[in-house]
Amino acid sequence: MCGIIGIASNKPVSINIINSLKKLEYRGYDSAGIATLKNDLINEKKCSGRVEELEKILLKSPSEGNIGIGHVRWATHGVPNVINAHPHSTENVSVVHNGIIENSDDLKKELETKGLKFKSQTDTEVITLLITEELKKFEPLESVFKTLKKLKGSFALGIIFKDFPEIIIGARRGSPLAVGYSKDENYLGSDSYALKSMTNKISYLDDGELCVLTKNSVSFYDDNENKINKKTHIISDDENISDKGDYKNFMSKEIFEQPITAKKCVNEYIDSLKNDINIYNFPIEPKEIKKLILVGCGTAYHSCLVAKYWFEELTSIDIEIDIASEFRYRNIKFNTENLYVFVSQSGETADTAAALDICKKNNVKTCSIVNVIESTIARNSDWVLPIHAGPEIGVASTKAFLGQLIVLYILCLKFSSMRGEIDKKLYNQNINNLIKLPEAIKETLNLENNIQLISKEFIEARGSMFLGRGSSFPIALEGALKLKELSYLHAEGYPAGEMKHGPLALIEEGLPVIIIAPKDKYFEKTLSNTQEVIARGGKIFFITDNKKDSLSDNIRFGLRVPHLDCFLSSILLTVPLQLLAYHVALLKNCDIDKPRNLAKSVTVE
Ligand code: F6R
């Protein structure tokens, strides 16, 4: 992952670099660093941990210079310490890197046989030393091109040169890189969000491209070293997102703004006057679609799993779900009558982007469901359906998951109606329920106080289990994932009916077991599975939208969410699980917005 920034200006750049790094911290927060150029010297400052630490260092000892690069790291090669923090510099060159150099060990050996010494354990330092070597014979641009030819793997790079104090070179292969323009100042950044406070004029580098920035000019080159022109995009000036307001952290803000983001999403797609769905420009006529393949990672993958149940229930389309890191290496038989759908909040997840690329190479039609519409995945797909959730800063995905579910459900309803597979009455009813969804989410959030009480029961437990059937099975997976990543407690998500095939052995006296049991066709079966757990001493937390009071005495705690229909229950039942993970993590004093070892945007394999 990692985030990079570069600024060439006619005024000092360090403050703007720090501010942009703060916005890039969602990509990694293991260490941070900056290098600026002043009086023919590269001035490098680095720290382990957060950008805040780097800022303290700069307050004591400012980094001067009108040109500079910065980095936030998510460690891949080498532990997260100061030495391994970027930039990696020699006397002549300083480099920031996002990605992985796969042949770094071989290149390192080659350079060591020439007598060169490495300071860090990173793969990036080979780039610095290779460019430094080339600079003995060539100009910066040629030196970088020659170096890139030796690299295998993925990268977005920002490079400054002691003897060429006017320029920053940026290069992209695999990892994203944006260029921003302003008066007397130009920028390089891992995404447009990092540049937003400075400019809304952006170009995106494509794979293999390189750019040379000065304060007054930007030139682009393709991988054959030819000069090229790039399109400029004006990026939307959306919500005031970087402000937590009165919330303790971004995650609680994002959980509590779900009624608003859901409303925005529903309003974008539903024409309430016509009671119809506004989706057009299908890459394949819905009636002609043979099979849908939904692909994502982590939480996004869970949204695909939920959608599988919906599509199977409401359409006759064959449907397959895959994790992107698996999909990209499978021997898939592509078919032009299939639609391949990629779900991603960030639109930058490396595995998902690579899976999409494979589809493009096989000339099949692709659709992306993304939050960041300027992202690589959105730009590379044939058809984009945004989720309109607004920027999500907390590393654990919450409002984006709900947004993904809403868009997938809307897509399912639209396909079903265009294929003549849903009767008008049910279609109208489902749309009406969707319109009621934001209010029902708001009502569900009122459960917070009860959930806060429950959360205490998880702290001392040796683990916990989340069980559900049908579309509540992936919701159980999502609940367990949220608890794991936020509170570092072990949690397992399981199909309730599968417990007797092994996992029931885990149940012991007092083990917290969360049962997700909407009033759907599985309800009675789930109740039987609940009894199996109770009989073995499990401590049951039962979450349902069933209005009737059928909760048995053995249930430790029951939570009721509003009932809309058997499809939208998946969305409503997610909310208590988000709150549960949040409150357990709060009690454990965990870093809610930045859980350990993680990053928001996973731009490495
Ligand atoms: C978990 C979480 C991750 C992401 C996954 C995919 O809370 O956020 O599992 O869902 O890394 O990220 P995107 O959706 O950006 O492709």
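Given the structure is predicted, the values throughout are model-derived calculations rather than measurements. Just follow the structure's listing: the first ligand is 1, and inside any ligand the first atom is 1.
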Salt bridge (charged side-chain N to carboxylate O under 4.0 Å, His left out) evaluation trace for Lys399 with Glu392: CA-CA 7 Å; Lys399 62 175 184 171; Glu392 190 179 62; over 6 Å; no

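- For atom 2 (C) of ligand 1, the nearest protein heavy atom (residue, atom name, distance) is Thr299 OG1, 3.7 Å.
- When each atom of ligand 1 is checked for a heavy atom of Lys482 under 4.0 Å away, the hits are 1 (C), 7 (O).
- Residues in residues 360-384 take part in these ring pair (Phe, Tyr, Trp, His ring centres under 6.0 Å) pairs, two or more places apart or across chains: Phe282-Trp383.
- For Asn267, the side chain to side chain contact (heavy atoms under 4.5 Å, CB included) partners are Lys263, not counting sequence neighbours.
- For the pair Ser397 and ligand 1, the shortest N or O to N or O distance falls below 3.5 Å.
- The Ala300 neighbourhood of ligand 1 comprises atoms 10 (O), 14 (O), with distances under 4.0 Å to a heavy atom of that residue.
- Looking at ligand 1, you'll find an N or O of Gln345 within less than 3.5 Å of one of its N or O atoms.
- No more than 12 heavy atoms of other residues, nucleotides or ligands sit less than 6.0 Å from atom NZ of Lys248.
- Among all non-hydrogen protein atoms, the one lying nearest atom 15 (O) of ligand 1 is Ser346 OG, 2.6 Å.
- Considering only non-hydrogen protein atoms, atom 16 (O) of ligand 1 sits nearest to Thr349 OG1, 2.4 Å.
- Nearest protein neighbour of atom 6 (C) of ligand 1, counting heavy atoms only, is Cys297 O, 3.3 Å.
- No more than 12 heavy atoms of other residues, nucleotides or ligands shown are found within 6.0 angstrom of CD on Glu52.
- Ile543 pairs in a side-chain contact (heavy atoms from CB on, under 4.5 Å) with only one of the listed residues (Leu580, Ile451, Ile514), which is Ile514.
- Ligand 1 places these atoms under 4.0 Å from at least one heavy atom of Gly298: 9 (O).
- Nearest protein heavy-atom neighbour of atom 11 (O) of ligand 1: Val602 CG2, 3.9 Å.
- Around the NZ atom of Lys414, the shell of radius 6.0 Å holds more than 12 heavy atoms that belong to other residues, nucleotides or ligands.
- Taking every non-hydrogen atom of Glu485 and a distance limit under 4.0 Å, the qualifying atoms of ligand 1 come out as 1 (C), 7 (O).
- Close approach of ligand 1 to Val395 is summarised as follows: ligand atoms under 4.0 Å from at least one heavy atom of the residue are 8 (O).
- The local environment of CG in Asp246 is sparse, with at most 12 non-hydrogen atoms from other residues, nucleotides or ligands closer than 6.0 Å.
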